[in-house]
Amino acid sequence: MTHPYKKVRKAVLPVAGLGTRLLPATKVMPKEMLTIVDRPLIQMAIEEALQAGIEEFIFVVSDGKEILLRHFEEPKAMMEMLESRGKTKEIDKVKASTLSHDSVKTAYQKKALGLGHAVWCAKDLVGDEPFAVILPDDTVRHTESCLAQMMHIYDAHGGNIIASCRVLPQDTTRYGMLAIEKDNDAVRINGLVEKPKPEDAPSDMGIFGRYILQPEIFAHLERHEKGAGGEIQLTDAMAHLVKEQPFYACEFKGERLDCGNDIGFVKAQIAYALDKDNLAADLIEYMTAKLKEYKA
Ligand code: G1P
């Protein structure tokens, strides 16, 4: 690294939300436990972070969502059974989704006051160092994880990095939108607005659910300023910090899939299943037949 900023070792996972867009599936089951083919969304987020070199995971949960933490513990009885039966493939799968006790930390968000508030709840566990934020229902399908791609920009420039993607005019009210400017090999962010009307959006670049932030963001989150939708918005705190520190956009490579709503969730199932050698041929045959049936 050629800049004075510290290494990013921690990731915050704001997973306290109720997942109402996916009801009734989320009545009991946290949306982050819903699986895309064979992995829960929360596991995909952790694997993405591990690929980017993250060492510590801070889950911001609400009451009843502790199952998300349990997913990463070693299931002792199951392991004993698998070992006694010599099920090595299954053992590997369990191990791949187990995190060491020391690397997992928990913060509670007692009231659903917004994404900015959720991140603020992790303040003491983050401390005085930069950190990543991953929203698990936004996934990116690519050989190199989205956060790993963002780390390259961080290594080169430091500061704060936001994953960004093009947003259609009719969708600006669902995203944080960015004012950007080309700066040699980088894209600088000069301003941010949460969920503006299309005519108020500063560009067609929106915020995707991945961030690398400096700890100074907490001073702005601390004010608990209410923004769009009456919520404490992370975007508003970043709009203050951008006046003090550099922010860069990462136009990441890969297909973005929003698993926070039903159509995005279905598309993700298909896309990730097609990536699997043992499923692709069957699925293509099935979909081809279905398409014919649908057209008829
Ligand atoms: C949040 C952020 C928004 C961002 C979006 C990406 O909104 O507030 O800036 O564009 O995630 O998914 P939410 O989807 O939680 O309403």
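The shown structure was predicted, so the numbers you read here are calculated from the model rather than taken from an experiment. One-based numbering, in listed order, for ligands and for the atoms of each.
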N or O contact, Arg174 vs ligand 1, cut-off under 3.5 Å
no

Measuring to protein heavy atoms, does anything land under 4.0 Å from atom 15 (O) of ligand 1?
no

Glu129 and salt bridge (charged side-chain N to carboxylate O under 4.0 Å, His left out): which partner among Lys123, Lys10, Lys7?
Lys10

Sub-4.0 Å atoms of ligand 1 with respect to non-hydrogen atoms of Thr235:
9 (O)

Closest to atom 8 (O) of ligand 1 among protein heavy atoms sits Glu194 OE2, 2.7 Å

At a 4.0 Å threshold, what atoms of ligand 1 neighbour a non-hydrogen atom of Gln233?
8 (O)

Please set out all donor-acceptor pairs under 3.5 angstrom arising from side-chain atoms of residues 184-195, sequence neighbours excluded.
from: Asn190; atom 1: ND2; to: Glu181; atom 2: OE1; distance (Å): 3.4
from: Glu194; atom 1: OE1; to: Thr235; atom 2: OG1; distance (Å): 2.5

Looking at ligand 1, does Leu234 have a heavy atom less than 4.0 Å from it?
no

Nearest non-hydrogen protein atom to atom 11 (O) of ligand 1, with distance, is Leu135 CD1, 3.5 Å

Does the residue Lys195 have a heavy-atom contact with ligand 1, meaning some pair of atoms that are separated by less than 4.0 Å?
yes

Other residues, nucleotides and ligands only: do more than 12 of their heavy atoms fall within 6.0 Å of CE on Met81?
yes

May I have the step-by-step check of side chain to side chain donor-acceptor pair (under 3.5 Å) for His71 and Glu32, ending in yes or no?
CA-CA 11 Å; His71 180 73; Glu32 299 84 2; over 6 Å; no

of all protein heavy atoms, closest to atom 12 (O) of ligand 1 is Asp138 OD2, 2.7 Å

Within this structure, what is the CG-CD1 distance for the pair Leu82 and Ile91, rounded to the nearest 0.5 Å?
5.5 Å

Nearest non-hydrogen contact with atom 5 (C) of ligand 1 belongs to which option: Ile162, Asp171, Ile207?
Ile207

Steps toward side chain to side chain donor-acceptor pair (under 3.5 Å) verdict (Gln51, Glu47):
CA-CA 6 Å; Gln51 263 192 42; Glu47 286 177 12; over 6 Å; no

Got an N/O contact under 3.5 Å between Gly176 and ligand 1?
yes

Trace of the ring-ring contact (aromatic ring centres under 6.0 Å, His included) decision for Tyr5 with His157:
CA-CA 9 Å; Tyr5 295 93; His157 302 279; over 10 Å; no

Under the rule for salt bridge (charged side-chain N to carboxylate O under 4.0 Å, His left out), what residues qualify as partners of Asp204, not counting sequence neighbours?
Arg166

